[in-house]
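In what follows, a single structure is set out as structure tokens and then discussed.
For clarity, every value in this text was computed on a predicted model and none was experimentally measured.
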Amino acid sequence: EHAGGELRTLIVHFPTMKARVLRVWTPPGYRKPSAHEPKYPVLYLNDGQNLFEDQLCFSGVSWKAGLTAAALINSGSIPPFLIVGIDHSERNRSYDY
């Protein structure tokens, strides 16, 4: 559990490049929609290792993406959405952009 939602870490393998880590946060109350239900919006962010957990960040302080999203969703300011963080590729980071 993270910020009332759920945080999952996935590793995606590619044939021509190094595997990448994706961090997927689902909001409080999330359930996978059926084919006839509206889908959740998705916010994609670079530097996924900095989004949620302080211990993974270079600076030691995360961006608190899940906490901020959950607060906005719970206050009714914005509708529920998913966050997908894509970890950078370390020393080749400049090529990510």
Taking atom CD1 as the centre, does Ile11 end up with more than 12 heavy-atom neighbours from other residues, nucleotides or ligands that are less than 6.0 angstrom away?
no
So for atom CZ, which belongs to Phe14, do other residues, nucleotides or ligands contribute more than 12 heavy atoms lying within a distance under 6.0 Å?
yes
Quick check: does any side chain N or O of [X] sit under 3.5 Å from a backbone N or O of [Y], one acting as donor and the other as acceptor?
| X | Y | answer |
| --- | --- | --- |
| Ser75 | Leu72 | yes |
| Lys39 | Ser34 | yes |
| Trp25 | His2 | yes |
| Gln49 | His88 | yes |
| Asp87 | Asp47 | no |

Does one hydrophobic cluster hold both [X] and [Y], with members joined at side-chain heavy-atom distances below 4.5 Å?
| X | Y | result |
| --- | --- | --- |
| Leu10 | Val42 | yes |
| Leu67 | Leu43 | no |
| Ile86 | Leu7 | no |

Looking only at heavy atoms, what is the nearest atom pair of Ala3 and Pro28, with distance?
O-CG, 4.0 Å
Going by atom types only, do Ser62 and Asp54 share a side-chain donor-acceptor pair under 3.5 Å?
yes
Between Phe52 and Ile83, is there a side-chain heavy-atom distance shorter than 4.5 Å?
yes
Within the structure provided, determine whether Ile78 and Ile73 are in side-chain contact (heavy-atom separation under 4.5 Å).
yes
Distance in Å, Glu53 CD paired with Arg23 CZ, rounded so as to fall on 0.5 Å steps
6.5 Å
Rounded distance (nearest 0.5 Å) linking atom CG of Leu45 with atom CG of Leu51
5.5 Å
Residues that Tyr30 engages under side chain to side chain contact (heavy atoms under 4.5 Å, CB included), provided they are two or more places apart
Thr26, Pro27, Lys32, Pro33, Tyr40, Leu82
